[in-house]
Amino acid sequence: MPKANKVYSHKDVEKEAQEFWEKNQVFSVTEDPNKEKFYCLSMFPYPSGSAHMGHVRNYTLGDAISRFQRLLGKNVLQPMGWDAFGLPAENAAIKNKVQPANWTNQNIEKMRSQLRKMGFAYDWKREFATCDPKYYKWEQWFFIEMLNKGLAYQDEAEVNWDPVEETVLANEQVEDGKGWRSGAKIERRKLKQWFLKITDYAEEMLEETDKLDGWPEQVKAMQKNWIGKSEGMKFIFNSKKEGIPISVFTTRPDTIMGVTFLAISGDHPIALNLEKENEEIKSFLKDINSIKLSEADLAKQEKLGIDTGLQATHPFSKEDIPIWIANFVLSAYGSGALMGVPAHDERDFEFAKKYSLQIKQVIKGSSENKIEDAAVIEKNLLINSGEFDGLNFDEAFKQIDKKAKKLKCGQRQVNYRLRDWGVSRQRYWGAPIPVVKNLKGDVEGAKEIPVLLPTEVEFSGVKSPLSEMEEFTKVSYGDKDFIRETDTFDTFFESSWYYARFASFDSNNAMLDERAKYWLPVDQYVGGIEHAVLHLLYSRFFYRCLRDLNLVEGSEPFLNLLCQGMVLKDGLKMSKSKDNVVDPDEMIEEFGADALRLFVMFAAPPDQSFEWSDQGLRGASRYLNRLWNLVQEHIKSGLRIDLNFSDSSEQVRALRNKTHQTLSKVKDDFLRRHSFNTAIASVMELTNAIPKDFLSTKATDAEKSSVKEAINTILISLSPISPHITHALWRQLGNEEAIIDVNWPEADKNLLKEKSVEIAIQINGKLRGRVTVESNLPQKELETLAREQENIKKYIENKKIKKVIYIDKKLLNLVVSEK
RNA sequence: GCCGGAGUGGCGGAAUUGGUAGACGCAGGGGAUUCAAAAUCCCCCGAUUUUUUAAUCAUGGGGGUUCAAGUCCCCCCUCCGGUACCA
C-alpha cells in the first residue's frame with residue numbers, strides 16, 4: 001500500500017521526477033520505423049543572458065504538445081539548441097571587455113540550467129550551438145553548393161556607415177540618423193555583398209502557401225503579401241535628351257493615357273548623371289540619398305521631388321512627359337521608376353497637388369466628386385483614352401498590351417515585392433562567408449571548410465577585427481595567393497536550417513543524412529509571431545534548396561505552426577529598460593516549475609499576449625496543493641484497485657459524466673484547438689466536481705471508483721503541463737508504470753451524454769425562462785412545458801405565435817406578434 | 001504609410017459552426033477554524049431599478065443583416081507585431 005505524503009514539496013517532487021527521466025533516458029529517441037514519429041520543435045533561443053518569461057511560455061507550449069503526443073504513443077523528438085551568433089554578443093564584448101565566444105558560452109551554460117529546471121522533455125544529446133564550427137562548417141558547404149549552382153551572387157547594397165567607428169551599423173543601432181554609440185551622422189554607403197536568389201522560389205513558395213493547412217491563416221496571409229505577386233505591365237518611356245529608356249512597372253495599365261509625369265529614384269542612372277551638371281539636383285540628391293531608411297520611415301516621410309527639366313515621350317500619345325526625381329520611389333522595387341497617374345493613384349495625386357502637376361482623368365468616376373479633389377482609385381470604364389474609351393479594366397489591359405507589343409514599348413509583366421536575400425554582414429560574431437578572391441578580384445568558394453572564425457580577437461567595436469587580421473585574410477592554395485572574404489553570414493542563415501540538423505546532429509561526413517528523411521518535416525513548430533515573415537520564409541526557401549540537393553524530402557519544413565503571443569507586465573513587453581522583468585528562477589524557487597508551467601498555460605490562449613500576474617501564479621500553486629491534498633484524502637479513504645461501478649448512484653453517474661466529458665474536451669483542446677487554458681479550466685472543473693463525501697472511508701466502492709477514475713483523468717490530462725507533481729501522485733496511487741509511459745485513455749461515448757439538459761426559453765430572441773428536461777424530450781412536449789411557465793405566459797397571452805425556433809438541447813425561441 | 005493581429009466584469013480570460021454573455025482563475029466581501037494570524041474550507045460577487053419575483057442596460061465607438069450578433073457585413077478609434085542589418 002503506498003503511503004500518503006502529507007505535504008507537497010515542489011523541490012523534492014521536481015528533483016525526483018527529473019532524476020527519474022534522466023536515469024531512464026526517457027526523452028532520448030532514435031528512428032523507429034515501427035512507430036509514428038512526431039517532431040516537435042520550439043524556436044531555439046538567442047543566448048542573451050538568461051531565460052525570460054517569453055522563453056518559459058514558448059517552451060512550455062512545445063513541451064506540453066510533445067508530452068501529449070507521447071501519450072498518444074508516438075515516437076516524439078523534441079530537441080533544443082542555441083542560435084548563438086549575433087549582435088548582442090559584440091555589444092557585450094565591447095561593454096564588458098570579454099570575448100564574444102566566452103560571453104556566449106557562459107550564457108548558454110546559464111540558460112541550459114534554467115531550461116533543465118523547467119523539466120522540459122528534450123533529447124539533450126542533440127543539443128548544439130550555431131557558433132560551433134561543426135555546425136557552421138555545413139552551412140559554408142551549403143553556401144558553396146549554392147554558389148556553384150548560381151543561386152548566390154554578388155551585388156551592391158546599401159549599409160549604414162558610421163564614419164567615426166568605421167563600421168557598418170544595424171538598423172537598430174541607428175537612432176535619429178546617428179550612431180548609437182558615436183553619435184556621428186550616419187552615411188549611406190554601397191558595398192559589394194552576397195545575395196541568395198530566393199526570388200527564384202517566389203512563385204513556388206507563393207503557390208504552396210495555401211497548402212499549409214496547419215498554419216495560422218494570418219501568417220499565411222503575411223507570407224503571401226510579403227512575396228507580393230502583382231500582375232501588370234512594363235512600359236518603356238524614352239527620355240529625350242539622355243536617350244536612356246525609363247522602364248516602369250504598373251498594375252494599372254488601363255491608366256496609361258493618364259500619365260502626367262515620371263518619377264525616378266534618387267539613384268537612378270539618369271539622376272546620377274544629372275548630379276554632375278546640376279547643383280540644385282546635386283543638393284537634392286544629397287538630402288534624400290544621405291541616409292538609408294527603413295520601409296516604414298520611407299513611407300512616413302514627406303514626399304519630396306525635384307523637376308529634372310528633362311522630358312520623356314509617352315509611348316502612345318507621343319506627348320512630352322516631365323521627369324521628376326522623388327524620394328518615395330524605391331530603387332529596389334521594380335526598376336526604380338514609376339509612371340505618375342495623379343487622377344487614379346492617391347500617392348501620385350498628393351505629389352501632383354504639391355508640385356502643381358497636371359491631373360488627367362482617364363477612368364470614369366462613380367461619385368460626383370471632381371477629379372481635382374480626390375483620385376479615383378476604383379476600376380471602371382476608360383475615358384479620354386482615345387481608341388480605348390469605353391473598355392473595362394480587363395479589356396483595356398488586353399488591348400493596351402497588344403498595342404504596346406506592336407509598338408515595342410511594353411508588355412505584360414509579373415512583379416514580386418520579394419527581393420533577393422542579402423546575407424552579408426560586416427560583423428565579427430558570425431559564420432565566415434567561405435569565399436576567397438584572387439589578386440585580380442575574381443571570386444571563388446573557399447577550398448577548405450570550415451573557414452574558422454578566430455575566437456581570440458581584438459574587439460573594440462571600431463573597424464572589423466577580421467579584416468585587421470592578416471592570419472585570417474591571407475590564404476594561399478598551392479602557389480596562388482588569395483584574400484579571404486571578411487563578411488559573415490546574416491544570423492538568419494543559421495536559423496534557416498537548424499531544424500534539419502537536429503536529426504543529423506552528429507553527422508561529420510555530411511550536412512544531413514538519412515535520419516533527416518525520417519524526422520523531417522517538423523510536425524509542430526512553436527514560436528513567436530515576430531518571426532511570421534522573415535525567419536519562416538527563409539526557412540521555407542532553404543528547405544527547398546536542401547530538397548534540390550536531395551538532402552530532405554518534400555517541400556515544406558513545418559507542417560503545423562503555432563505562434564505564441566508576448567508576455568507582458570503592466571501592459572508592456574518585459575524588458576530590462578522598463579524594469580518590469582520577472583525572473584523565472586525566482587518563481588521556480590518559490591512556487592516550482594509545475595506551478596509556473598501551469599500558470600503560463602492557464603493565463604491566456606497561446607496566440608494572444610498575456611499579462612503576467614504574481615497573484616495568478618499563486619493561484620496555480622494553490623490548485624496544485626489542493627490536488628495534492630485531494631489525492632492524499634483519496635488514498636486515505638482506501639484505494640480501489642479495480643474500478644467497480646456495479647451499484648452506481650445518480651451522483652456517481654454525474655461524476656463519471658464529468659470525467660469522460662473532460663477527457664473528450666482535453667484531447668480536443670490539446671490537439672485541434674491548442675487551447676490549453678480551457679483544457680486546464682475543464683480539469684479544474686472536474687476537480688471541483690468531486691463530492692466531499694466520496695472521499696470518506698464510508699464511501700461506497702462505486703463512489704471511490706468514480707473518484708479514482710476522476711483523479712486518473714486529472715493527472716493524465718495535467719501531466720503534459722505539470723509533469724513533476726503528476727509523476728509523483730501517479731506513483732503514490734500505486735501505479736507500477738510511470739505516468740510518462742501511459743497511453744491516453746479515450747472517453748467512453750456512452751458516458752458523454754447527460755440525462756437531463758437545461759433549455760433556454762426565449763420570446764423574440766430575449767431570454768425569459770429556463771426549463772430542465774430529460775435530454776430526449778420531444779420538441780412538442782418541451783413547447784407545452786415552456787408555455788406553462790408563469791413568466792412565459794405573460795408574454796404570449798393575447799399574442800400570436802408566428803414562428804418557433806428550436807436548437808437541439810439548447811434553446812427554444814417563440815417569435816410572437818400582436819394579434 | 002503598408003501588411004497582420006487584438007479590444008468582453010475591478011483583473012487574466014470563457015462562450016469551438018450565428019443560439020442562455022461572463023466557464024475557470026485572480027482580486028474583493030461575508031462566515032467557519034484559530035488565543036491570534038497565516039494556511040485551509042464554505043457562501044456571495046457585471047451595472048442600474050426592485051422586498052422577492054423580475055426588468056432594463058452591457059462584449060472599443062457608430063451603423064446594418066437576422067427570430068437571435070461578442071461571433072456576420074460596412075465605417076471609425078486605440079493598442080500590439082512585422083516592415084528586409086535586433087533575434
Side-chain angles (χ1 to χ4, degrees), chain A residues 43 45-46 48 83 85-88 157-160 168-174 216-219 221-222 224-226 228 292 294-301 328 332 347 417-419 421-422 424-427 490-492 495 528-535 537-538 563 565-566 568 571-573 599 602-605 607-620 622-623 625-626 629 665 668-669 672-673 675 677-678 680-685 688 692 758-770 790-791 802-807 810-816:
Chain A
M43 289 181 186
Y46 177 76
S48 55
D83 189 12
F85 278 133
L87 207 48
E158 290 169 9
V159 294
N160 305 304
V168 173
L169 298 186
N171 288 342
E172 70 160 11
Q173 296 175 312
V174 180
E217 287 304 323
Q218 84 241 34
V219 176
M222 283 191 263
K224 284 202 268 183
N225 292 334
W226 189 262
K292 188 185 164 216
S294 68
E295 195 201 274
D297 291 333
L298 211 55
K300 271 180 255 169
Q301 72 181 345
F328 59 85
R347 195 177 49 181
R417 206 185 77 95
L418 179 68
R419 307 195 296 259
W421 175 15
S424 296
R425 295 294 179 268
Q426 297 70 40
R427 304 216 200 294
D490 176 5
T491 55
F492 275 126
S495 57
I529 186 71
E530 66 273 19
H531 293 294
V533 176
L534 292 179
H535 163 62
L537 196 68
Y538 293 147
C563 288
M566 287 179 312
L568 309 176
L572 299 165
K573 197 170 168 174
F599 173 61
F602 179 60
D607 55 342
Q608 305 284 309
S609 58
F610 101 78
E611 180 67 32
W612 178 263
S613 154
D614 288 347
Q615 294 295 345
L617 175 58
R618 210 156 297 212
R622 195 148 53 205
Y623 172 77
N625 264 300
R626 208 147 61 82
N629 294 335
K665 175 156 179 65
D668 188 48
D669 280 352
R672 182 179 63 85
R673 299 213 304 153
S675 175
N677 55 327
T678 53
I680 294 165
S682 70
V683 169
M684 287 176 170
E685 277 186 57
N688 295 341
K692 275 264 129 26
E758 191 184 57
I759 311 278
I761 312 297
Q762 292 184 338
I763 306 294
N764 291 345
K766 286 207 173 209
L767 182 70
R768 299 299 179 194
R770 295 184 170 95
E790 279 307 312
N791 202 44
K802 282 201 304 188
K803 203 168 163 189
V804 178
I805 291 150
Y806 177 62
I807 306 297
K810 283 202 168 142
L811 145 165
L812 182 76
N813 185 11
L814 305 175
V815 184
V816 303

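Chain identifiers are assigned alphabetically (A, B, ...) following the order of the sequence lines, protein sequences preceding nucleic acid strands; residue numbering begins at 1 within each chain.
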(message) Given 3.5 Å as the limit, does a donor-acceptor pair link the side chain of A/Asn764 with the main chain of A/Val816, or not?
(response) yes
(message) Quick check: on RNA chain B, is the nucleotide nearest A/Asp297 upstream (toward 5') of the one nearest A/Pro605, or the reverse? Name the residue that is more 5'.
(response) A/Asp297
(message) Counting the atoms with a prime plus P, OP1 and OP2 as sugar-phosphate, which does A/Lys665 contact under 4.0 Å by heavy atoms, base, sugar-phosphate, or nothing?
(response) base
(request) Please measure how far the P atom in B/rU52 lies from the corresponding atom in B/rG46, and state the result in whole Å. (result) 15 Å
(request) Indicate, with a heavy-atom threshold strictly under 4.0 Å, whether A/Met566 touches base, sugar-phosphate, or nothing. (result) sugar-phosphate
(message) Do A/Leu811 and A/Leu767 have side chains that approach each other closer than 4.5 Å (heavy atoms only, starting at C-beta)?
(response) no
(request) Give a yes/no answer on whether the side chain of A/Lys766 brings an N or O atom under 4.0 Å of OP1 or OP2 in B/rC57. (result) yes
(message) In whole Å, I'd like the distance from the CG atom of A/Leu537 to the P atom of B/rU83.
(response) 13 Å
(message) Stem list for RNA chain B, please, built from Watson-Crick and G-U wobble pairs under 3.5 Å and keeping only runs of at least 3.
(response) B:1-7 with B:77-83, B:10-12 with B:24-26, B:28-32 with B:40-44, B:46-49 with B:54-57, B:60-64 with B:72-76
(message) Just confirming the chi classification of B/rG70, syn or anti, using 90° around 0 as the syn window.
(response) anti
(request) Tell me which nucleotide among B/rU16, B/rA87, B/rU56 gets nearest to the side chain of A/Arg768. (result) B/rU56
(message) Can you give me the closest heavy-atom contact between A/Asn813 and A/Gly765, atom names plus distance?
(response) OD1-N, 3.0 Å
(request) Taking the side chain as every heavy atom from C-beta outward, state whether A/Pro216 and A/Asp607 have any pair of such atoms under 4.5 Å apart. (result) no
(request) Indicate yes or no: does A/Arg417 engage A/Glu295 in a salt bridge with an N to O separation below 4.0 Å. (result) yes
(message) Starting the side chain at C-beta, find the nucleotide from B/rG1, B/rC86, B/rC26 nearest to A/Ala170.
(response) B/rC86
(request) State which of B/rU16, B/rC67, B/rC26 makes the closest approach to the side chain of A/Val815. (result) B/rC67
(message) If I pick the P atom on B/rA23 and the same atom on B/rU78, what distance separates them, to the nearest angstrom?
(response) 32 Å
(request) Could you check which of B/rA84, B/rA27, B/rA55 has an atom nearest any side-chain atom of A/Asn791? (result) B/rA55
(request) Assign A/His535 to base, sugar-phosphate, or nothing according to its heavy-atom contacts below 4.0 angstrom with the strands shown. (result) nothing
(message) Testing the basics here: between A/Glu611 and A/Phe599, what is the closest heavy-atom pair and its distance to 0.1 Å?
(response) O-CZ, 4.4 Å
(message) Taking the side chain as everything from C-beta on, heavy atoms only, tell me whether A/Leu537 gets closer than 4.5 Å to A/Met222.
(response) no
(request) Check every strand shown and say whether A/Ser613 touches a base, only sugar-phosphate, or nothing at a heavy-atom separation below 4.0 Å. (result) nothing
(message) What is the distance, to the nearest angstrom, from the CZ atom on A/Arg417 to the P atom on B/rA84?
(response) 9 Å
(message) From CD of A/Gln615 over to C1' of B/rG28, roughly how many Å is that when rounded to an integer?
(response) 11 Å
(request) Sticking with atom C1', work out how far B/rC43 lies from B/rA36, rounded to a whole angstrom. (result) 24 Å
(message) Over all strands shown, is A/Val804 touching base, sugar-phosphate only, or nothing at heavy-atom distances under 4.0 angstrom?
(response) nothing
(message) Rounding to an integer number of angstrom, what distance separates B/rG28 and B/rU34 when you compare their C1' atoms?
(response) 23 Å
(message) Which nucleotide wins on minimum distance to the side chain of A/Lys692, given the candidates B/rC26, B/rC42, B/rA87?
(response) B/rC42
(request) Mind calculating the distance between CG (A/Leu617) and P (B/rA27) to the nearest angstrom? (result) 12 Å
(request) Report which part of the nucleic acid A/Leu298 touches: base, sugar-phosphate, or nothing (heavy-atom distance under 4.0 Å, all strands). (result) nothing
(message) Looking at A/Gln608 and A/Pro605, would you say the former's side chain and the latter's main chain have a donor-acceptor pair under 3.5 Å?
(response) no
(request) Measure up the A/Trp612 and A/Phe610 rings against each other and bin them: parallel (under 30°), tilted (30 to 60°), perpendicular (over 60°). (result) tilted
(message) It should be established whether A/Thr491 places a side-chain nitrogen or oxygen under 4.0 Å from OP1 or OP2 of nucleotide B/rA87.
(response) yes
(request) Could you check whether A/Ser675 gets within reach of a base, just the sugar-phosphate, or nothing at all, counting any heavy atom under 4.0 Å? (result) nothing
(request) Would you mind classifying the nucleic acid contact of A/Gln426 as base, sugar-phosphate or nothing, using non-hydrogen atoms under 4.0 angstrom? (result) base
(message) For the P atoms, the ones on B/rG10 and on B/rG5, what distance do you get once it is rounded to whole angstrom?
(response) 29 Å
(message) Please report the distance, rounded to the nearest Å, between CG in A/Asn764 and P in B/rU56.
(response) 12 Å
(message) List the residues meeting side chain to side chain donor-acceptor pair (under 3.5 Å) with A/Arg768, not counting sequence neighbours, and say none if there are none.
(response) A/Tyr795
(message) Heavy atoms from C-beta onward define the side chain here; which of B/rG82, B/rC86, B/rA84 lies closest to that of A/Glu530?
(response) B/rG82
(request) Calculate the interatomic distance between A/Lys300 atom NZ and B/rU83 atom P; express it in whole Å. (result) 12 Å
(request) Could you work out the separation of B/rG18 and B/rU65 based on their C1' atoms and round it to a whole Å? (result) 11 Å
(message) Looking at every non-hydrogen atom in both residues, tell me the closest pair between A/Ala170 and A/Leu87 and how far apart they are.
(response) CB-CD2, 3.6 Å
(request) Nearest whole angstrom, please: distance from the C1' of B/rU56 to the CD1 of A/Ile763. (result) 17 Å
(message) Using atom P in both nucleotides, what's the gap between B/rG22 and B/rU16 to the nearest angstrom?
(response) 13 Å
Close N/O contacts between protein and nucleotides 2-11 of chain B (under 3.5 Å):
residue : atom : partner  : partner atom : Å
B/rC3   : O3'  : A/Asn225 : ND2          : 2.8
B/rC3   : O2'  : A/Asn225 : ND2          : 2.9

(request) State, to 0.1 Å, how close A/Tyr46 and A/Asp83 come at their nearest heavy-atom pair, and which atoms those are. (result) CD1-O, 3.0 Å
So which protein N/O to nucleotides 18-25 of chain B N/O distances come out below 3.5 Å?
residue : atom : partner  : partner atom : Å
B/rG19  : N2   : A/Asn813 : ND2          : 3.3
B/rU20  : O2   : A/Arg770 : NE           : 2.4
B/rU20  : O2   : A/Arg770 : NH2          : 2.9
B/rU20  : O4   : A/Glu758 : O            : 3.2
B/rA23  : O2'  : A/Glu685 : OE2          : 2.9
B/rG25  : OP1  : A/Asn688 : ND2          : 3.2

(request) Might you point out which heavy atoms bring A/Lys292 and A/Asn160 nearest each other, and give the distance in Å? (result) CB-OD1, 3.4 Å
(request) May I have the distance from A/Asn625 (atom CG) to B/rA39 (atom P), rounded to whole angstrom? (result) 12 Å
(request) Could you give the distance separating B/rA47 and B/rA32 at their C1' atoms, to the nearest angstrom? (result) 31 Å
(message) The criterion is side chain to side chain donor-acceptor pair (under 3.5 Å); which residues satisfy it with A/Arg618, sequence neighbours excluded?
(response) none
(request) Quick one: list whatever passes side-chain contact (heavy atoms from CB on, under 4.5 Å) with A/Gln301, sequence neighbours left out. (result) A/Leu293, A/Leu298, A/Asn327
(request) Using a heavy-atom cut-off of under 4.0 Å over every strand shown, decide if A/Ala296 touches base, sugar-phosphate, or nothing. (result) base
